[in-house]
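One-based numbering, in listed order, for ligands and for the atoms of each. Quick caveat: nothing in here was measured; it's all calculated off a predicted structure.
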Amino acid sequence: MATNGYEGGLKMIEELTTNAEQIQDEVLREILSRNAGTEYLRGFLHGQTDKQLFKKNVPIVTYEDLKPYIDRIVNGETSDILLAEPITGFFLSSGTSAGQPKLMPVTAQVAKKWELFRGLYESPVIKHLVDINQAGKRMELMFARPEVETPSGLMATSVTTSIFKGSGFRASLPKLYTSPSETIFCPDPNQSLYCQLLFGLIQREEVVMIGSFFASTVLRAIKFLENHWQELSYDIKTGRLSHQITDSRCRNAASLVMKPNPEQADLIENICNCKSWDGIIRKLWPKARYIAGICTGVMRQYTAELEFYSGGLPLVSSLYASSEAFCGINIEPLCKPSDVSYTFLPNMAYFEFLPVKNERDESIEMKSNDEDTELVDLVNVKPGRCYELVVTNSTGLYRYKVGDVLMVSGFHNNAPQFQFVERKSVVLSVDMEKTSETDLFKAVTEAKALLNPLGFILTEYTSYADTSSVPGHYVLFWELKEKEGEHCKELDPKIMVECCFRIEESLHYTYKIYRKRNIIAALEIRVVKQGSFEALMDYCVSKGTSLSQYKKPSCIKSEEALNILDSRVTGKYFSPKSPL
Ligand code: AMP
């Protein structure tokens, strides 16, 4: 089903959200009628397709519960143990939060669903931001992930890679995007980024959007440009690609379009040579109308820095999606990143919601334990409440906990809108206390304000629960940068110690009580050299995560990742006293 232009897309959004309840019922009915005979569902439904029976008998599961079935398919057993439709391969989730990528079955339907989803999430953007009569290209930075062959002979890859491989997408590339497919599929992420920036600069007068899937990738590209603009403008001046680029397919693609353009190179050099990079994106791409990239969840820490480079261009988070399902779209693309809500589309999967008790929000009433675990249908969620998303899809996931916590911010027609709260699994804990991604974000936001007078800004952070000694303690890795124009300032240890204390003070009550009772030892900040988080990203990419998919972990779980940061520590600071 095509969306037939952006007006068609907007109309479809209205229809879908108005008929949300009925569409959800149809989606579930179709999934059950196709798959009730699979080994997995037969065990719970005995061949029946009744919704109430599904709700009563089919358990709520995590990846670990389904893994034995998925592993059997990966190892060559027929996929109809989980789903009736033949599978075409597997999706690999990024695995940056869980540490290990997860494999999910994929069918031919998924690509079609993505095309529809894309048409729908782009419609509000086109309405508000891009004049459809204005010809232009998107400088969207895209990175395919190498495919992995499974013992079944089927390939596993990321959702984004499978989208890039789709014939519809490939056909649209030369007309709509600045990056040729050779650069997107280049196996070396740095060569890929260099070439995509080069193509974006060569076509700078045509670019109407700069973006990537996540905001962090756009920021990484700007930082990469800070280090490579001389080389890039030299290439544009001479019409010859740098010898550093050895990938033959990228070289071929470049040779087709590059010709000496000293005037353009001079303009780029003048812009990049400026003392301040404030607003650099708008200066380099003067016709750009917006910056696209998800700025919610773990990505919100990048918005301030991106705003600095953007020159006032709006930052647009268009969609909320995962390897499990395409879920929601942002129908108000011009709203502030902190206010972004995603309107769920009822035709994408069958969505249920597990109420989440927020320990620190007393306004949320949870009546009995039984009720806590009762799933709520899409149309019955309550504004202001938090839920964990549970998905049933057509590719073998039934009542599957995605691990994301969402808060209902309102409704569009009959479909709820959600703000992304956090990944459920990302918590720091050294005893019985639980510190969430959001708790940490709030506390770090309080503490980093102390760095302002020092002339430093916090560019990246992550955390780690160090339980190697007793009592254990929280460790935060901080990467700092001097503010523009403030060179060679010293990092004052007193202020860093104060930052540690401010974080502790801003954390939740249980943390503070445990600190007071010495169940948790003093919080530590380890300052790392500039570029350390890039090294962490490189490591994850070398392990198979694509740059398009990479989300920096809020909490470090793997030994190797920890070593990467630990080996770059330049200073360690501890909180001087208990916060209570
Ligand atoms: P993956 O497992 O690699 O498919 O990544 C999907 C995950 O990325 C989701 O489950 C979310 O945790 C995160 N994610 C995707 N879209 C958004 C968004 N708009 N805001 C915040 N987090 C998101």
* Are there more than 12 heavy atoms of other residues, nucleotides or ligands under 6.0 Å from atom CD of E85? -> yes
* To do: For T462 and P553, indicate whether the former's side chain and the latter's backbone hold a donor-acceptor pair under 3.5 Å.
  => yes
* Asked: Can you tell which part of S158 has a heavy atom less than 4.0 Å from ligand 1: side chain, backbone, both or neither?
  -> neither
* Asked: Looking at ligand 1, does A321 have a heavy atom less than 4.0 Å from it?
  -> yes
* To do: Indicate yes or no: at least one non-hydrogen side-chain atom of L406 is less than 4.5 angstrom from one of Y342.
  => no
* Run the numbers for me: atoms of ligand 1, each under 4.0 Å from some heavy atom of S323, listed by number. => 1 (P), 2 (O), 4 (O)
* Please verify whether a non-hydrogen atom of V159 lies at under 4.0 Å from ligand 1. => no
* To do: Have a look at L319, V391, D404, L406 and point out the one with the heavy atom closest to atom 12 (O) of ligand 1.
  => D404
* **R399 side chain vs V58 backbone, donor-acceptor pair below 3.5 Å** => yes
* Asked: With backbone taken as N, CA, C and O and side chain as the heavy atoms from C-beta onward, which portion of R423 lies under 4.0 Å from ligand 1: side chain, backbone, both, or neither?
  -> side chain
* Atom indices of ligand 1, in the order listed, that fall short of 4.0 Å to a heavy atom of S322 -> 4 (O), 6 (C), 9 (C), 10 (O)
* Structure fact -> Going by the 4.0 angstrom heavy-atom rule, the piece of F420 near ligand 1 is side chain
* Asked: Side chain, backbone, both or neither: which part of Y342 has a heavy atom under 4.0 Å from ligand 1?
  -> side chain
* Are E437 and V298 side-chain neighbours, meaning at least one heavy-atom pair lies under 4.5 Å? -> yes
* Is the cationic atom of K552 (NZ for Lys, CZ for Arg) positioned less than 6.0 Å from the six-membered ring centroid of Y461 and within 45 degrees of its normal? -> yes
* Test: D65 and K401 ion pair at under 4.0 Å -> no
* **Side chain, backbone, both or neither: K551 near ligand 1, heavy atoms under 4.0 Å** => side chain
* Do the rings of F164 and F185 sit parallel, tilted or perpendicular, given the 30° and 60° boundaries? -> perpendicular
* Provide the number and element of each atom of ligand 1 under 4.0 Å from a heavy atom of T296. => 18 (C), 19 (N), 20 (N), 21 (C)
